[in-house]
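Read the structure below first, then the notes.
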Amino acid sequence: MSAKRKNSRKQSGTVKIPLSFLIKIILFIAILVGIIFAIDYCSIKTNTNNPATEKVHEAKVQIVDFTREVLDEVLPPQETPKETATVSSPAEEKNDSKDSFSFPENLEIPLCAATKSGIASDHQIRRFANFTICYRESYEQAEWAAYCLEKEELVKNASRGNDFRPDPEITTGSASLADYKKSGYDRGHLAPAADFAFSEEAMSESFYLSNMSPQAPGLNREIWQYLEGQVRTWADLYGKVYVVTGPVLEKPAEEYESIGENKVSVPEYYYKVLISPDGNSAKGIGFILPNAKCPDTFWDYAVSIDEVEKRTGLDFFYLMDNYLEDRIESSTALESWK
């Protein structure tokens with residue numbers, strides 16, 4: 001405790017109460033408690049609509065109020081501790097201030113074989129300036145791309161360059177342009193280019209082929225694009241959104257269709273999971289879409305984050321408080337996102 005706080009408490013004074021006086025107060029309170037119980041017993045035995053019962057309840061309230069006044073006079077006020085909790089239970093009153101809840105640093109990075117140990121076979125963590133991926137050589141694509149999109153970044157300072165190119169930082173070699181040529185599949189962004197239009201560098205880095213996955217044109221150019229646009233809307237609405245996107249790689253690579261000389265696996269499904277501020281807490285949602293033209297809206301493919309974890313084997317947002325993580329990842333809560 002600081003000297004300043006010690007002095008302030010000394011100046012305000014601490015009331016020292018004799019032991020004998022405290023004993024008398026305790027006995028007095030015990031008698032009042034007994035009277036209150038007696039009143040409650042009488043209330044139970046009588047009709048609640050009886051006028052006599054109402055007088056009994058009035059007497060009980062008066063005794064309780066009198067007891068509180070005595071305690072306030074005799075006992076010194078206690079110093080109110082500062083609030084340190086950052087996670088609210090469902091019973092707690094919701095705080096409307098979006099700045100009162102803080103997220104752990106690097107919350108967007110999921111727990112996978114590489115992030116658990118730092119080094120793992122067939123996993124390479126590749127950090128760009130504004131997003132991170134985990135590249136899987138056996139599938140010739142990333143199993144996840146993660147980033148935090150903030151409202152301040154929703155500005156357009158760079159135009160789409162379409163400079164698709166291999167990633168020289170992938171130690172095993174990334175997919176090539178030839179792999180996708182005449183394959184019938186789009187070079188589908190995992191971390192979307194439009195989310196990085198705030199910077200020429202950020203936009204350019206999103207076009208490395210390590211950030212691509214073979215997507216059916218009916219998915220990439222329609223419902224998937226609409227979902228990506230909705231993420232930017234949420235970032236604008238909630239201040240920021242933590243995003244993880246990738247293919248659902250739930251089978252060995254050899255069991256998937258592949259394209260090109262490098263045998264780039266063609267995923268059957270793609271996922272996207274998100275967490276955003278929600279008052280003094282947070283909320284989350286997940287999506288799993290088939291790699292095909294989808295006749296419905298992306299809302300029809302909403303699932304819990306827990307469901308995406310089961311399909312992918314990844315642990316999303318594991319740095320968050322366990323209570324909060326369990327609560328938001330087990331629910332879809334569509335109404336809170338629409």
Looking at Arg136 and Glu143, does any basic side-chain N land under 4.0 Å from a carboxylate oxygen?
-> yes
Atom pair CD (Glu205) and CD (Glu169), whose distance is rounded to the nearest 0.5 Å = 10.0 Å
List for me each residue that meets salt bridge (charged side-chain N to carboxylate O under 4.0 Å, His left out) alongside Asp306, sequence neighbours excluded, and say none if there are none.
-> none
For the residue pair Lys272 and Val231, establish whether any side-chain heavy-atom pair is separated by less than 4.5 Å.
-> yes
Among Val273, Thr132, Thr245, Leu249, find the residue that satisfies the side-chain contact (heavy atoms from CB on, under 4.5 Å) test when tested with Trp144.
-> Thr132
Would a distance-only check, ignoring hydrogens and angles, find a side-chain to backbone donor-acceptor pair under 3.5 Å from Ser331 to Ile328?
-> no
Trace of the side chain to side chain contact (heavy atoms under 4.5 Å, CB included) decision for Glu108 with Val243 | CA-CA 6 Å; Glu108 70 276 12; Val243 188; over 6 Å; no
Evaluate the side-chain proximity of Tyr301 to Leu227: yes if any heavy-atom separation is below 4.5 Å, no if none is.
-> no
Give a yes or no on whether the backbone of Gln215 and the side-chain of Asn220 come within a donor-acceptor separation of less than 3.5 Å.
-> no
Determine, step by step, whether Arg327 and Tyr323 satisfy the side chain to side chain contact (heavy atoms under 4.5 Å, CB included) criterion, reporting the C-alpha distance in whole Å, the side-chain angles of both residues, the deciding distance to 0.1 Å, and the verdict.
-> CA-CA 6 Å; Arg327 179 170 66 82; Tyr323 164 76; 3.8 Å; yes
Would you say the side chain of Glu268 lies within less than 4.5 Å of the side chain of Val248, judging by non-hydrogen atoms?
-> no
In short, Ala194 meets Arg232 closest at the heavy-atom pair CB-NH1, 3.3 Å
Could you tell me whether Lys263 atom NZ has more than 12 heavy atoms of other residues or ligands within 6.0 Å of it?
-> no
Within 45 degrees of the axis of the six-membered ring of Tyr271 and under 6.0 Å from its centre: does Arg311 put its NZ or CZ there?
-> no
If two hydrophobic side chains count as joined below 4.5 Å and joins carry through other members, does Tyr256 share a cluster with Leu219?
-> no
Shared hydrophobic cluster for Tyr139 and Ile125 (ILVMFWY, side-chain gaps under 4.5 Å) | no
Atom CD1 of Ile305 and atom CG of Asp326: how far apart are they, to the nearest 0.5 Å?
-> 11.5 Å
For the pair Asp236 and Thr233, evaluate side chain to side chain donor-acceptor pair (under 3.5 Å) and give the outcome as yes or no after the intermediate values.
-> CA-CA 5 Å; Asp236 183 51; Thr233 299; over 6 Å; no
Without swapping roles, check the side chain of Asp315 against the backbone of Leu111 for a donor-acceptor pair under 3.5 Å.
-> no
Report the distance from atom CZ of Phe131 to atom CZ of Arg126, rounding to the nearest 0.5 Å.
-> 8.0 Å
Considering all heavy atoms of both residues, which atom of Pro110 and which atom of Thr115 are nearest to each other, and what is their separation?
-> O-OG1, 3.0 Å
In the hydrophobic clustering that connects Ile, Leu, Val, Met, Phe, Trp and Tyr at side-chain heavy-atom distances below 4.5 Å, which members other than Met203 occupy its cluster, ordered by chain and number?
-> Phe164, Leu177, Tyr180, Tyr185, Phe207, Leu209, Met212, Ile259, Val264, Val266
Assign the ring pair Tyr238 / Trp337 to parallel, tilted or perpendicular, where the plane angle (0 to 90°) is split at 30° and 60°.
-> perpendicular
Answer yes if the side chains of Ser174 and Asp167 hold a donor-acceptor pair under 3.5 Å, and no otherwise.
-> no
Residues Asn211 and Ser206: closest non-hydrogen pair is ND2-O, 2.9 Å
Test item: Tyr208 and Ile170 side chains (from C-beta on) under 4.5 Å apart, heavy atoms | no
Determine whether Ser213 and Leu190 make a side-chain contact, defined as any pair of heavy atoms from C-beta on separated by less than 4.5 Å.
-> yes
Do Tyr135 and Thr171 come close enough that some side-chain heavy atom pair is under 4.5 Å?
-> no
Side-chain donor-acceptor pair under 3.5 Å between Gln124 and Thr172, yes or no?
-> no
Glu329 and Ser304: CA distance, side-chain angles, deciding distance, side chain to side chain contact (heavy atoms under 4.5 Å, CB included) verdict = CA-CA 6 Å; Glu329 291 189 355; Ser304 68; over 6 Å; no
Taking atom CD of Glu261 as the centre, does the number of heavy atoms from other residues, nucleotides or ligands within less than 6.0 Å exceed 12?
-> no
Ser336/Asp278 under side chain to side chain contact (heavy atoms under 4.5 Å, CB included): CA gap, chis, key distance, verdict | CA-CA 9 Å; Ser336 69; Asp278 184 28; 5.5 Å; no
Non-hydrogen atoms of Gln141 and Pro247 that approach each other most closely = OE1-CG, 3.6 Å
Might you point out which heavy atoms bring Gly286 and Val308 nearest each other, and give the distance in Å?
-> CA-CG2, 4.4 Å
Any idea which heavy atoms bring Ser281 and Leu324 closest together, and the distance?
-> OG-CD1, 3.2 Å
Would you mind listing every side-chain hydrogen bond (donor to acceptor under 3.5 Å, both in side chains) that reaches into residues 146-157, with sequence neighbours excluded?
-> Tyr147-Asp195
Starting at CG of Asn291, measure out to SG of Cys294 and round the result to the nearest 0.5 Å.
-> 8.5 Å
Working to the nearest 0.5 Å, report the span between CH2 of Trp224 and OH of Tyr270.
-> 8.0 Å
Non-hydrogen side-chain atoms of Arg165 and Ser204 separated by less than 4.5 Å = yes
Heavy atoms, side chains only, cut-off 4.5 Å: are Glu257 and Pro214 in contact?
-> no
To the nearest 0.5 Å, how far apart are NE2 in His189 and CD in Gln225?
-> 11.5 Å
Pro192 backbone acceptor or donor facing Glu228 side chain under 3.5 Å = no
Residues, nucleotides or ligands: over 12 heavy atoms within 6.0 Å of Lys310 NZ = no
Go through the steps to decide whether Phe103 and Tyr242 satisfy the test ring pair (Phe, Tyr, Trp, His ring centres under 6.0 Å), and finish with yes or no.
-> CA-CA 10 Å; Phe103 291 95; Tyr242 292 85; 5.1 Å; yes
